[in-house]
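Below, each value reflects all heavy atoms present in this structure, side chains not excepted, and no hydrogens, waters or symmetry copies. Just so it is clear, the structure is predicted and the values come from calculations on it, not from any experiment. In what follows, chains are A, B, ... by sequence order, proteins preceding strands, each numbered from 1.
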2 protein chains.
Amino acid sequence: MLNYSTSEENYIKAIYHLQQQDGNVTTNELAAELKAKPASITDMMKKLKAKKLLHYEPYQGFSLSNEGKKVALGIIRRHRLWEYFLAEKLKFTWDEVHEVAEHLEHVSSKKLIDKLDEFLGFPRVDPHGDPIPDQDGKIETSRQVCLLDLPFNKAAVVSHVSDQSTEILELLKHKNIVIGTKLEVKKKFSFDNSMEVKAGRQPVFTISEQLAKNIFVKYGA
Amino acid sequence: MLNYSTSEENYIKAIYHLQQQDGNVTTNELAAELKAKPASITDMMKKLKAKKLLHYEPYQGFSLSNEGKKVALGIIRRHRLWEYFLAEKLKFTWDEVHEVAEHLEHVSSKKLIDKLDEFLGFPRVDPHGDPIPDQDGKIETSRQVCLLDLPFNKAAVVSHVSDQSTEILELLKHKNIVIGTKLEVKKKFSFDNSMEVKAGRQPVFTISEQLAKNIFVKYGA
DNA sequence: AAATATTTTTAGACAAATCTAAATTATTAT
DNA sequence: ATAATAATTTAGATTTGTCTAAAAATATTT
Ligand SMILES: [Mn+2]
Ligand SMILES: [Mn+2]
Ligand SMILES: [Mn+2]
Ligand SMILES: [Mn+2]
């Protein structure tokens, strides 16, 4: 596995995340994600195509090749292991880990990462509940569902929060929700799509549509 | 404190180390240290002078300003804390830590480093025995002396090894010498400047001039 | 003190990564 | 099917960091 520049790595990772949705990624989408101009995207796409990391035909959008996906998963592995380290060992709060991990992820010593993984006890998910790829780039495709779509009275466990802001963290903390919290939906109101939820022995409480949209849960087969 | 590029940081750190000897650093010295061409050094010196990090007049060599020294000590703090982390927590051997730390040192989040320091228990020296600057850039100026210059029968403690190669590590391991080993010099031979040394309860053993040159010790006032 | 050698700087080129503005292609609406 | 709009690419410029080759300054020898 060759080495890539910090810039190339940021592009590759962003494409990986974007293509989870649509499969194909457009110039403008990626430009928005990376806060760069469309012209810069086109330049980099040519370079990454030349390196066989992605499929790209002018005006047709792009998607990672198998090699590109492997590279992306390596970066994501590093990012999430560092996030876990920052939260677990250095006691960073949830909303502080991402920015620092954004830099640490580019230190690409394989030995460093594998030893870090071991030191951390081979964690399966990062502090936001996202799965951590293993040495071979294998990643759990967690069959999770948005809290909005969880059926009534189905016991489920919070597995992921997609927003990473300080603001959502404050709200979740107030409502005693963390990754791993067990809960079930008791009621939904079509007026504002808010819902009432029961978690453990706490009294039932309300969750807004905006909040529920960002919470993902897993529940038994 | 502003942020500097990886390249600028590597230059600043190298100047700091070189000027510990002579006080003033020359273009060729720094070029050799950084494996760059002299022309590149001159270019960067102009830039660092413009940023007031060093004193520089054409043809006169250069040295860090007070601001430059502060920046250097920040980089060295990061480098040595990561080296300690790698050796102590991730069980890297002595000769493996430097290369990885060379990259980690450029992740310049103050919070990251201060929390890492705390997590590690505020270590005073890195795995090579070099002192670690504190948050304010204060660094122990350890009154240490080269083993070559240690008087006979003076009990001293190994505090620093200046070479960091796998080869010297192998030799030191064989002779049971680590940072912290207590020893005294029993005999010196002027023919080859080799010496006989006693450490703890081990039988007396021989150290070559080349090896002694790289070992530094501290001894009581 | 000249001549020679060494060191350092300058001038000009180049690659990487970005940008702005203009040109091109594709999409959407009439 | 045209025209208008939006998305994308191209052309050319800029910044950072590096290099080579030539020029200039300094140091060393004779
Ligand atoms: Mn993250
Ligand atoms: Mn990043
Ligand atoms: Mn080191
Ligand atoms: Mn470095």
Problem set entry | Spacing of K37(B) atom NZ relative to dA21(D) atom P, expressed in whole Å | 11 Å
Exercise. side-chain hydrogen bond (donor to acceptor under 3.5 Å, both in side chains) with R77(A): which of D117(A), D136(A), D126(A)?
Worked result: D117(A)
Exercise. Side chain of A36(A): nearest nucleotide among dC19(C), dT7(C), dC19(D)?
Worked result: dC19(C)
Exercise. Roughly, in whole Å, what's the span from CD in Q60(B) to C1' in dT7(C)?
Worked result: 12 Å
Problem set entry | Distance, rounded to the nearest Å, where K49(A) contributes NZ and dT9(D) contributes C1' | 14 Å
Problem set entry | Distance test, side-chain N/O of N28(B) to OP1/OP2 of dT6(C), below 4.0 Å | no
Exercise. Quick one: is the NZ or CZ of K111(A) closer than 6.0 Å to the six-membered ring centre of F92(B), and within 45° of its axis?
Worked result: yes
Exercise. Does S7(B) put a side-chain nitrogen or oxygen below 4.0 Å from OP1 or OP2 of dT18(D)?
Worked result: yes
Problem set entry | OP1 or OP2 of dT9(D) under 4.0 Å from side-chain N/O of Y56(A) | yes
Problem set entry | Earlier contact from the 5' end, DNA chain C, for A39(A) and K46(B) | K46(B)
For this session: Let me see the working for E8(B) and K51(B) under salt bridge (charged side-chain N to carboxylate O under 4.0 Å, His left out), right down to the final yes or no.
Result: CA-CA 11 Å; E8(B) 289 171 329; K51(B) 294 189 179 186; 2.7 Å; yes
Exercise. Checking all strands, does T42(B) fall into the base, sugar-phosphate, or nothing category for heavy-atom contacts under 4.0 angstrom?
Worked result: base
Problem set entry | Phosphate contact (dT9(D) OP1 or OP2) by T27(A) side-chain N/O below 4.0 Å | yes
For this session: Whole angstrom is fine here: how far is it from CD in E29(A) over to C1' in dT8(D)?
Result: 13 Å
For this session: Starting from P on dA16(C), measure out to CG on L48(A) and report it in whole angstrom.
Result: 12 Å
Problem set entry | Distance in angstrom units between D43(A) CG and dC19(C) P, rounded | 10 Å
Exercise. Just checking P38(B): base, sugar-phosphate only, or nothing, at a heavy-atom cut-off of under 4.0 Å?
Worked result: base
Exercise. What nucleotide, of dC19(C), dA26(C), dC19(D), holds the atom closest to the side chain of Y59(A)?
Worked result: dA26(C)
Exercise. Are side-chain heavy atoms of E83(A) and H79(A) found at a separation under 4.5 Å?
Worked result: yes
For this session: Taking atom CD of Q135(B) as the centre, report whether more than 12 heavy atoms of other residues, nucleotides or ligands fall under 6.0 Å from it.
Result: yes
For this session: Round to the nearest Å and state the distance from M45(A) atom CE to dT10(D) atom C1'.
Result: 16 Å
Seminar exercise, completed: Here the distance between atom C1' of dT8(D) and atom CG of L30(A), to the nearest Å, is 13 Å
For this session: Determine the contact category for S40(B): base if any of its heavy atoms lies under 4.0 Å from a base atom, sugar-phosphate if only primed atoms, P, OP1 or OP2 are that close, otherwise nothing.
Result: base
For this session: Give one of base, sugar-phosphate or nothing for Y11(A), where a contact means two heavy atoms less than 4.0 Å apart.
Result: sugar-phosphate
